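Written below as structure tokens is the structure these notes are about.
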Amino acid sequence: MIHSFEIILALLCTVVALEVLSRRVALPSPFLLLPAGIFLGFVPGFPHIMLDPNLAMYVFLPLLVYSGAALGSWVEFRRNLRPITLLSVGCVLFTTGLVAVAVHSLIPGFGWAAAFALGAIVSPPDEVAAISIMRNLGIPKAISAILEGEGLVNDATALTVFRFAAAAVVTHAFSPMMAAASFTLVVAGEITWGFIVGWAMLRIRRSLRDAPLEMSLSLLTPFIAYLPAELLGGTGVLATVTAGFYVSYMNSHLVRATTRLQLIPVWQIIEFVLDGVLFLVAGMQLHRILEPLSRTDHRLLCGYGIGISLLVIAVRFLWVFWVAGVQKKFCMALRPGEPYPRWQRLFIVSWSGMRGAISLAAALSIPLMTRAGSPFPQRDLIIFLTFCVIVSTLLLQGLSLPWLIRYFGIDREGRKERSVSGHQEIEARRQAAEAALALLATRRKEGVYPEALLDRLENQYRERNAQFRAHLDGDHDGAVQHGTHHFNVQSELIETERNVMLQLRRSGVIDDDILRRIEKDLDLQEMRLRQGISEYNIFADEHLS
């Protein structure tokens with residue numbers, strides 16, 4: 001019998017291997033992980049791994065939502081608040097309603113409450129795959145910001161509706177007025193609680209001034225925001241998003257540089273592992289999902305699955321273009337201060353509605369029995385239809401999305417936008433260098449520091465300032481060439497120092513502790529050097545390719 005530890009190790013190895021393969025074939029890893037999970041689920045002798053809904057809802061979801069918000073941009077979220085709200089609340093409710101009507105009308109035995117439960121489960125997209133594709137192709141920031149923001153918030157709307165619907169099935173009681181009042185209270189309460197958690201945790205972390213402790217509290221923050229809100233009747237998602245955005249916005253003010261440098265890779269690793277495991281394990285559930293439905297006509301099941309999947313895709317198109325048409329009629333852009341978007345952009349937003357493993361976890365969390373002791377109606381069919389929607393949207397929309405982005409020229413718009421953004425970044429760096437030079441001039445007048453030290457620092461900043469001005473004046477070739485030469489020489493110097501340290505360690509002149517301290521300094525120099533090369537090469541793709 002394979003032990004749990006060995007299973008977890010096998011899953012991690014599979015996730016890493018498929019991630020490596022996905023980069024070789026230029027495909028986002030979810031497109032390989034889900035089919036691989038389906039295949040492994042049918043392999044004889046392979047352990048049947050169940051996707052525990054509690055694990056997904058109480059561990060994976062808080063960490064992923066918090067990571068997305070903490071590593072995201074509150075400024076971009078606020079700037080795109082209207083389209084994000086229209087998608088994460090309006091489109092989710094619209095999809096839930098139309099799916100419920102279709103299922104109740106076309107599939108025998110589907111009551112209204114069970115139909116709304118299915119609608120809520122399949123309504124929220126999981127933007128992991130879409131964002132992965134779009135980042136590789138370099139789409140405009142507005143589209144990625146809207147989709148990322150939608151992915152953070154839509155689970156709150158969907159899970160709230162799902163809980164009301166599931167409770168109505170279990171208790172045979174439902175009040176629309178009570179549901180609306182509860183939803184309003186949940187939104188206000190979770191936002192307030194998330195702000196309190198973010199504010200308190202950052203100030204506790206700042207008082208500690210100890211990187212390991214700060215990182216530990218950072219890992220606890222999503223659970224402190226999520227679990228109390230969830231236990232009090234909310235979803236916990238909005239509270240976690242709010243805490244994450246507060247931390248993201250105040251990070252530069254209250255978190256030390258050494259802690260920030262260590263925390264970002266930790267959260268990136270958590271995001272990578274959890275996303276990979278979720279998609280892989282979700283695929284493995286198909287074998288278990290089909291077992292209770294073995295006596296049902298498979299052609300009928302496939303028909304239901306295809307029909308609901310096409311409906312979910314079509315409803316998103318209907319909502320996006322209808323809302324955009326209404327806003328155009330009343331002269332309102334989708335983003336304040338911007339012109340009305342091209343229909344091609346609206347098409348890409350509509351086509352980026354792939355569903356993910358959180359929907360499957362919600363379906364698997366449906367109670368087995370009602371309070372009356374009868375089985376939850378159509379539970380097995382709800383889980384099967386949810387899986388069909390996940391697979392069909394991921395493969396159909398996900399595999400065609402890169403081609404559509406190129407066909408519509410959205411990637412070219414992204415390159416133009418990055419060129420403008422690059423100018424803004426260089427100008428910001430130039431102004432920072434000017435401020436540093438002004439401070440050095442002030443310190444020189446005060447006579448506090450040695451002239452030789454001030455001369456050396458002033459020469460460094462003047463050289464950087466000259467390179468920034470060269471970029472802004474259009475001399476990209478010279479600036480990039482200078483940056484490349486600087487990078488090559490500095491890299492050789494750092495490597496020479498590192499080789500000398502290794503030789504001294506081998507000869508017994510220094511021990512490992514001394515080597516690690518010196519190596520840490522060299523590693524930081526190299527990291528800063530590699531980061532700094534972007535200052536010179538930021539326009540290379542646009543102007544030298």
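As the structure is a prediction and not an experimental result, all values here were calculated from the model.
- Take Phe272 and apply the ring-ring contact (aromatic ring centres under 6.0 Å, His included) test, not counting sequence neighbours, and it matches no residue.
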Would you mind writing out the side-chain donor-acceptor pairs for residues 489-496 within the sub-3.5 Å range, not counting sequence neighbours?
| residue | atom | partner | partner atom | Å |
| --- | --- | --- | --- | --- |
| Ser491 | OG | Phe487 | O | 2.8 |
| Glu495 | OE1 | Arg498 | NH1 | 3.3 |
| Thr496 | OG1 | Glu492 | O | 2.8 |

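- For Arg462, the salt bridge (Lys or Arg N to Asp or Glu O under 4.0 Å) partners two or more places apart in sequence, or in a different chain, are Glu458.
- With Glu190 contributing its side chain and Gly236 its backbone, the two residues share a donor-acceptor pair below 3.5 Å.
- Between Val349 and Glu150, every side-chain heavy-atom pair lies at or beyond the 4.5 Å cut-off.
- Between the Ser248 side chain and the Gly244 main chain, no donor and acceptor come within less than 3.5 Å of each other.
- When side chains are defined from C-beta on, Val273 does not count as touching Val15, because their heavy atoms never get closer than 4.5 Å.
- Residues passing the salt bridge (Lys or Arg N to Asp or Glu O under 4.0 Å) test with Arg209: none are found, sequence neighbours excluded.
- Each of Glu427, Arg429, Glu434 was compared with Gln431 under the side-chain hydrogen bond (donor to acceptor under 3.5 Å, both in side chains) criterion, and only Glu427 meets it.
- Side-chain N or O atoms of Asn499 include none that pairs as donor or acceptor with a backbone N or O of Leu502 at under 3.5 Å.
- Side chain of Tyr226 to backbone of Met57: a donor-acceptor contact under 3.5 angstrom is found.
- With a 4.5 Å cut-off on side-chain heavy atoms, Glu497 and Val500 do not count as touching.
- The two atoms that bring Ala142 and Asn80 nearest to each other are O-OD1, 4.2 Å, heavy atoms only.
- Between Ser123 and Val92, the shortest heavy-atom contact is OG-CG1, 3.3 Å.
- At distances below 3.5 Å, not a single donor-acceptor pair connects side-chain atoms of Arg355 with backbone N or O atoms of Leu394.
- The ring-ring contact (aromatic ring centres under 6.0 Å, His included) test applied to Phe245 returns Trp74, Phe77, not counting sequence neighbours.
- Smallest separation of non-hydrogen atoms from Ile121 and Ala363: CD1-CA, 3.7 Å.
- Taking every heavy atom of both residues into account, Leu202 and Val247 meet most closely at CD1-CA, 3.9 Å.
- Judged by distance alone, the side chain of Arg205 and the main-chain N or O of Val255 form no donor-acceptor pair under 3.5 Å.
- By the 4.0 Å N-to-carboxylate-O rule, Arg79 lies close enough to Glu76 to be salt-bridged with it.
- A donor-acceptor pair is defined here as one N or O able to donate and one able to accept, closer than 3.5 Å; such a pair exists between the side chain of Asn154 and the backbone of Pro125.
- Between Leu40 and Ile49, every side-chain heavy-atom pair lies at or beyond the 4.5 Å cut-off.
- Side-chain N or O atoms of Arg24 include none that pairs as donor or acceptor with a backbone N or O of Val20 at under 3.5 Å.
- A salt bridge does not link Lys520 with Asp523: none of the charged nitrogens is closer than 4.0 Å to a carboxylate oxygen.
- Without hydrogens or angle criteria, Ser67 side chain to Leu64 main chain gives no donor-acceptor distance under 3.5 Å.
- Looking at heavy atoms from C-beta onward, Val391 lies in side-chain contact with Ile38 at the 4.5 angstrom threshold.
- Under the 4.5 Å side-chain criterion, counting only non-hydrogen atoms from C-beta, Pro222 is in contact with Thr240.
- Using modelled atom types, one side-chain atom of Thr157 and one backbone atom of Ser88 make a donor-acceptor pair closer than 3.5 Å.
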Name every donor-acceptor pair, under 3.5 Å, that has one atom in a side chain of residues 261-270 and the other anywhere in the protein, sequence neighbours excluded.
| residue | atom | partner | partner atom | Å |
| --- | --- | --- | --- | --- |
| Gln262 | NE2 | Thr258 | O | 3.2 |
| Trp267 | NE1 | Ser218 | OG | 3.0 |

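- Contact of the Glu19 side chain with the Leu33 side chain is not registered, since no non-hydrogen atoms from C-beta on lie closer than 4.5 Å.
- Phe279 has its side chain within reach of Asp126: a pair of non-hydrogen atoms, C-beta onward, lies under 4.5 Å apart.
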